[in-house]
Amino acid sequence: MIVNAPATGEIRRVLVREGMSVGEGTPVVEIAVPVEGSPPGTPAAQEDPQARARVRIQAAQGEIEAARAEVVRTEVEVQRLTALVSTGGATQAQLDGARAEYERAQQRFQRAQGASQNAQSGLVAARQQPPPPPANPARAAAPSEQLVMALTTSAGTVSAINARVGQRVTAGQPLATLRAGER
């Protein structure tokens, strides 16, 4: 299964890594797309704080899902190795390594949950603030770019990533490959 670029623009963030299990609708790549009528390469003049917060929430939710899948995967590996160590089929060092990986996965999951809570708080704060006045009241500056997410269409495991931060991509260009049904 291929995840393609939904629009032409520049990759701002790659949100997954190879080997990661993802769910349907998980953000894979964040792409900055120029807005009609704005000069190319110009950063957004006044990006909507609520829109930024929503993008952060979406990315945090994708990270939570990926971290949760990693916790489950490493927990299963610890259980598998525990049984093998008791029968002599694996070494204690292998089990210790798997347990350390499980601990790192749990920490990543906790960090992702914290980032999600911060993003939610950021959205609440953005909703409570009045919009900033335009720099030139006669003509409000329009954003020169918007952020678009390339999302998975089904669950699977990321087998290849064909995207780098800063890379220019065109609509329809393959960004990542998933193996379906391996969640």
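Side chains included, hydrogens not; waters and symmetry mates left out as well; all remaining heavy atoms used. Here the structure is a predicted model, which is why all the values come from computation and not from measurement.
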Which atom pair, heavy atoms only, marks the closest approach of [X] to [Y]?
X	Y	result
Ala112	Ala67	CB-CB, 4.5 Å
Arg168	Glu10	NH1-N, 3.7 Å
Asn162	Ala176	ND2-N, 4.3 Å
Ala105	Thr74	CB-OG1, 3.7 Å
Val148	Pro6	CG1-CG, 3.5 Å
Thr170	Ala5	O-CB, 3.4 Å

Can you name the salt bridge (charged side-chain N to carboxylate O under 4.0 Å, His left out) partners of Arg13, sequence neighbours left out? Glu30

So [Y] and [X], do their side chains get closer than 4.5 Å, heavy atoms only?
X	Y	answer
Glu63	Arg108	yes
Gln120	Ile57	yes
Arg73	Ser21	no
Leu175	Ile11	yes
Met20	Thr26	no

Kindly indicate, with the supporting measurements, whether the criterion side-chain contact (heavy atoms from CB on, under 4.5 Å) is fulfilled by Val14 and Ile161. CA-CA 9 Å; Val14 176; Ile161 299 173; 4.0 Å; yes

Identify all side-chain donor-acceptor contacts of residues 77-86 below 3.5 Å with residues at least two apart in sequence or on another chain.
| residue | atom | partner | partner atom | Å |
| --- | --- | --- | --- | --- |
| Glu77 | OE1 | Arg80 | NE | 3.0 |
| Glu77 | OE2 | Arg80 | NH2 | 2.7 |
| Thr82 | OG1 | Val78 | O | 2.7 |
| Ser86 | OG | Ala83 | O | 2.7 |

Got a donor-acceptor contact below 3.5 angstrom from the [X] side chain to the [Y] backbone?
X	Y	value
Thr8	Ala171	yes
Thr152	Gly23	yes
Thr91	Gln94	yes

Measuring from atom [atom1] of [X] to atom [atom2] of [Y], what distance do you get when rounded to the nearest 0.5 angstrom?
X	Y	atom1	atom2	value
Arg12	Glu145	CZ	CD	4.5 Å
Ile31	Gln146	CD1	CD	11.0 Å
Met1	Thr177	CE	OG1	10.5 Å
Arg68	Gln113	CZ	CD	7.0 Å

Same apolar cluster (I L V M F W Y, side chains within < 4.5 Å links), [X]/[Y]:
X	Y	answer
Val71	Val16	no
Tyr102	Val76	no
Leu178	Val72	no

Those residues that, when tested against Gln117, pass side chain to side chain donor-acceptor pair (under 3.5 Å) (two or more places apart): none

